[in-house]
Amino acid sequence: MNVHTIVQIIGILLFFIGISGLILRDNIIKSILSLSILELGVVIFFLGINYREDQVAPLLVNDMERLADPLPQAMMITTIVIGVAVTSLSISLLNIVHRKYNTSLWTILKEVNDGVSE
Amino acid sequence: MRLLLMIFLPICAGLLIGLGKSSWKWLSFVGDVTRVLIFIQSCLNLWHVWVANDDIAYRFADEGILGIGMVSDHVSSVFVVTAAFIFLLVGLYMRTDRRLDSTFHLLLLVIEGVVIAAFLSIDLFNIFVLLELATIICGIIMMTLRDKRSVYDGLIYIMINTVGIMFYLLGVGFIYQIFGNLDLPTIQAQVSHIPAKDLMLPAAFVFTGLSVKAALFPVGFWLPQAHGSPGSPSVVSAVLSGIYIKITLFAFIRLIDVFRDVFPIAHVILFIALITSLMGIFLALSTQDIKMLLAYSTMSQIGVIMIGIASSHPISYYGGLFHIVNHALFKSQLFMTTGLIVSVYQSRQMTKIDGVWKRSPILGLALLLGFLGITGAPFFNGAVSKYYVGQGYTSGWMKYAFEVINFGTIFYFVKLAAILKTHQGAPSSMQSQRKLAVSETTSVLLAGLAIILTGIFGSQIFKGMSGIDSPLSLATMLHKGVYWCIYVGVAILIHKWLWPKISRYRYRINAAFSFQTMVFMVVLLFSLYLGVFWWSVKA
């Protein structure tokens, strides 16, 4: 099996580990962490795309045959930045939620809010 | 170049007012001028595309696979005009609302640029970035008033949407690996050369992600909470329900077009859209909350749009696209009007509001225009697009299902329209003495005017979007009108006599699922898509 196939399989595995964390954990902090793991899985998956053993960085050598594909890396930098934005926003929201409701569990939050709306 | 102007002008204007320490007048002045300029520019674009019959395209690189492109074609230019128009009205509507600070004005301008970019973009990765950016910004403006309920709703909204967009991104990764580029027209041209079993996983990931964001059944239960959140201002609901959801739908439609010939995706979407629509109607009937009713109605109308898109009949397909424009107009109008009604009556419960017509005829007129638009009264825009959507389903069981959806829409909106009438013995002391500002009433009436105009010139707009000449005769309109009158009559009768009698059987559903359940449903939907695609490849 090639290196990049293994990398991509690890990426997909991490993605589904993140998903299972989101389903199974009640604590919002753990949900946010799972979301980060899920994003990390996607990033690792992308890095495995078009990988070759003998590739070189595009800036250094003018060898068109062995150039690494720069696009996945460029895209993943954007994804990481967006991931940071989402994580920080979720954590700051969790902070407000915790201050106002005095809990960080989804189930309790849902019970409180359902009670209010009825 | 002019496409870039429409995207970056609002963003730069937003930064201008966000960075400086600005006075109230300056804020609304810069915002209004920008929105008017964008609207004029988008109309000029539409004129160029429709009259000169020439799509405006822009590419960052010259040619080849690295060309990140934007195209303003016959359909997307209409969406851009609609978005610019709604943002113009929203700006007018919130002129006098002192609760909204400069951050809100900044973000509203930024999101206008993002929405326009998302309508024009034809690059899969750009669509990801723009959708996620729009989600984050909408999440923040939902919480402008710092109400604790809206913070909870915003948290769920942001997290479930991020899960969805990550599914989409993983699918985009697979697509990039197979095709070597992310340009939608190029992928569409090459898709028939790729064996279908390689496309199974990417398609399942991408469609799951976009279904979450487009709020289809069973993953769309975040939508009512986010759009009808009690703690967020009605301007935000108008933007979310009117425009934000449309950019996802448009991306979804573009991807359905790519995979339509490879997988039976249209059949799956038709099935899901039908359930989404019926579910929206079912939930809208169960609620007494005026904003929640409109949010559930959005769910049901998304179903109608997707039913049109799923059809292989071109008139029905473009009818679905036209319904996106119309839904944007009347849903934002209804959210803004009910926002004013709620502020006058100080309550969101329909049972506590009555006599709107007597209290303020202008508000009554605005609500009536929105009602006639969404229920599809003759000569209003809803009737035109629903007629075109129905053209693809003139026989078989789908014809009756579509009629049931039409009747359902009328049925729950009759419940809403009952607040126009004055009931005897209703509490009248609830009303506040709030005077409506001229700018607020003007904006809702202008939106009402747009509903009428898009209805009267419906077949012309449809021809401009689709290139199909399918005129709507007066006789057809009157024929539809008779049906509409019968439906309204039956709905009023049921509400008057039958509904109170069965009220003790009235159901009370809690459609607010917990976050974990929602994610679990996402996984279920993913397995559904994958299973269907796998089965179609094997067969």
Side-chain angles (χ1 to χ4, degrees), chain A residues 4 8 11-12 15-16 18-26 28 31-32 34-36 38-39 41-43 45-50 69-72 74-76 78-79 81-83 85-87 89-97 99-101 106-107 109-114 116-118, chain B residues 65-66 124-126 128-129 132-133 135-136 139-140 143 146-149 151-163 165-174 176-178 180-182 201 205 225 228 230 287 289 292 508 510 512-523 526:
Chain A
H4 71 272
Q8 287 186 329
I12 295 175
F15 183 87
F16 281 102
I19 290 282
S20 49
L22 286 171
I23 295 174
L24 298 174
R25 291 288 165 251
D26 197 18
I28 299 180
S31 292
I32 294 172
S34 306
L35 203 59
S36 300
L38 188 148
E39 281 169 6
V42 176
V43 171
F45 175 81
F46 262 80
L47 293 185
I49 295 175
N50 290 348
D69 187 359
L71 211 55
M75 291 193 288
M76 282 312 103
T78 319
T79 310
V81 171
I82 290 176
V86 171
T87 311
L89 184 61
S90 316
I91 289 176
S92 61
L93 291 185
L94 170 64
N95 193 10
I96 302 174
V97 165
R99 211 181 315 144
K100 296 205 163 161
Y101 290 91
W106 287 115
T107 38
L109 270 177
K110 185 171 178 299
E111 273 168 26
V112 172
N113 278 305
D114 286 351
V116 169
S117 62
E118 267 167 23
Chain B
I65 57 163
L66 289 177
L124 285 175
F125 190 74
N126 274 6
F128 155 72
V129 173
E132 190 59 8
L133 198 55
T135 306
I136 295 174
I140 299 172
M143 294 165 251
R146 295 179 182 80
D147 177 275
K148 72 174 182 178
R149 176 65 201 255
V151 175
Y152 168 70
D153 289 339
L155 185 64
I156 286 201
Y157 160 78
I158 284 177
M159 289 190 66
I160 192 77
N161 272 288
T162 310
V163 172
I165 205 77
M166 283 301 144
F167 267 90
Y168 170 79
L169 188 60
L170 199 57
V172 169
F174 277 108
Y176 181 72
Q177 191 166 23
I178 295 168
N181 74 60
L182 294 167
L201 263 182
F205 273 117
Q225 279 187 58
T287 181
D289 187 315
M292 286 305 258
R508 187 173 271 279
N510 189 1
F513 288 106
S514 73
F515 179 71
Q516 292 99 317
T517 322
M518 286 190 207
V519 181
F520 182 64
M521 284 174 174
V522 175
V523 179
F526 173 71

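Chain letters run A, B, ... following the sequence lines, proteins first, then strands; residues in each count from 1.
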For a quick test of reading the model, state the closest non-hydrogen atom pair linking [X] to [Y] and the distance between them.
X: A:Ser90; Y: B:Ile158; value: OG-CG2, 4.4 Å
X: B:Leu155; Y: A:Leu94; value: CD1-N, 4.5 Å
X: B:Gly173; Y: A:Phe46; value: CA-CZ, 3.3 Å

Of the backbone (N, CA, C, O) and the side chain (C-beta and beyond), which part of [X] lies under 4.5 Å from a heavy atom of chain B, both, or neither?
X: A:Ile32; result: both
X: A:Ser20; result: neither
X: A:Leu22; result: both
X: A:Asp69; result: side chain

Yes or no on side-chain contact (heavy atoms from CB on, under 4.5 Å) for A:Leu71 and B:Phe125, after CA distance, side-chain angles and deciding distance? CA-CA 11 Å; A:Leu71 211 55; B:Phe125 190 74; over 6 Å; no

With a 4.5 angstrom heavy-atom cut-off, could you sort out which part of [X] is near chain A: side chain, backbone, both or neither?
X: B:Val163; result: both
X: B:Glu132; result: side chain
X: B:Met143; result: side chain
X: B:Leu133; result: neither
X: B:Leu170; result: both

I need the [X] [atom1] to [Y] [atom2] distance, nearest 0.5 Å.
X: B:Met166; Y: A:Thr79; atom1: CE; atom2: OG1; answer: 6.5 Å
X: B:Ile165; Y: A:Glu39; atom1: CD1; atom2: CD; answer: 11.0 Å
X: A:Leu109; Y: B:Arg149; atom1: CG; atom2: CZ; answer: 10.5 Å
X: B:Phe128; Y: A:Met75; atom1: CZ; atom2: CE; answer: 10.0 Å
X: A:Ile82; Y: B:Ile136; atom1: CD1; atom2: CD1; answer: 6.5 Å
X: B:Thr162; Y: A:Leu35; atom1: OG1; atom2: CG; answer: 5.5 Å

Pairwise side-chain contact, A:Phe45 with B:Leu169, heavy-atom cut-off 4.5 Å (strictly under):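 A side-chain contact under 4.5 Å is absent here.
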
Among A:Leu89, A:Thr107, A:Leu24, residue most engaged with chain B (heavy-atom pairs, under 4.5 Å):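 Winner by heavy-atom pair count: A:Leu89.
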
Report the option among A:Ile23, A:Ile49, A:Ile19 that has the most heavy-atom pairs separated by less than 4.5 Å from atoms of chain B.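 The option with the most such pairs is A:Ile23.
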
Please confirm whether the backbone N or O of A:Arg25 pairs with a side-chain atom of B:Gln516, one donor and one acceptor, at under 3.5 Å?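 Checked: pair present.
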
Is the backbone of B:Lys148 close enough, under 3.5 Å, to the side chain of A:Tyr101 for a donor and an acceptor to pair up by distance?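 Answer holds: yes.
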
Quick one: sort the B:Phe205 and A:Phe16 rings into parallel, tilted or perpendicular, breaks at 30° and 60°.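 Ring orientation, 0 to 90° scale: tilted.
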
Look at the rings of A:Phe15 and B:Phe167 and say which category their plane angle falls in: under 30° parallel, 30 to 60° tilted, over 60° perpendicular.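 The rings of A:Phe15 and B:Phe167 stand perpendicular, inter-plane angle above 60°.
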
Does CZ belonging to B:Phe520 count more than 12 external heavy atoms closer than 6.0 Å?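 Counting other residues, nucleotides and ligands, CZ of B:Phe520 stays at 12 neighbours or fewer.
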
Show your reasoning for whether side-chain contact (heavy atoms from CB on, under 4.5 Å) applies to B:Phe515 and A:Ile28. CA-CA 10 Å; B:Phe515 179 71; A:Ile28 299 180; over 6 Å; no

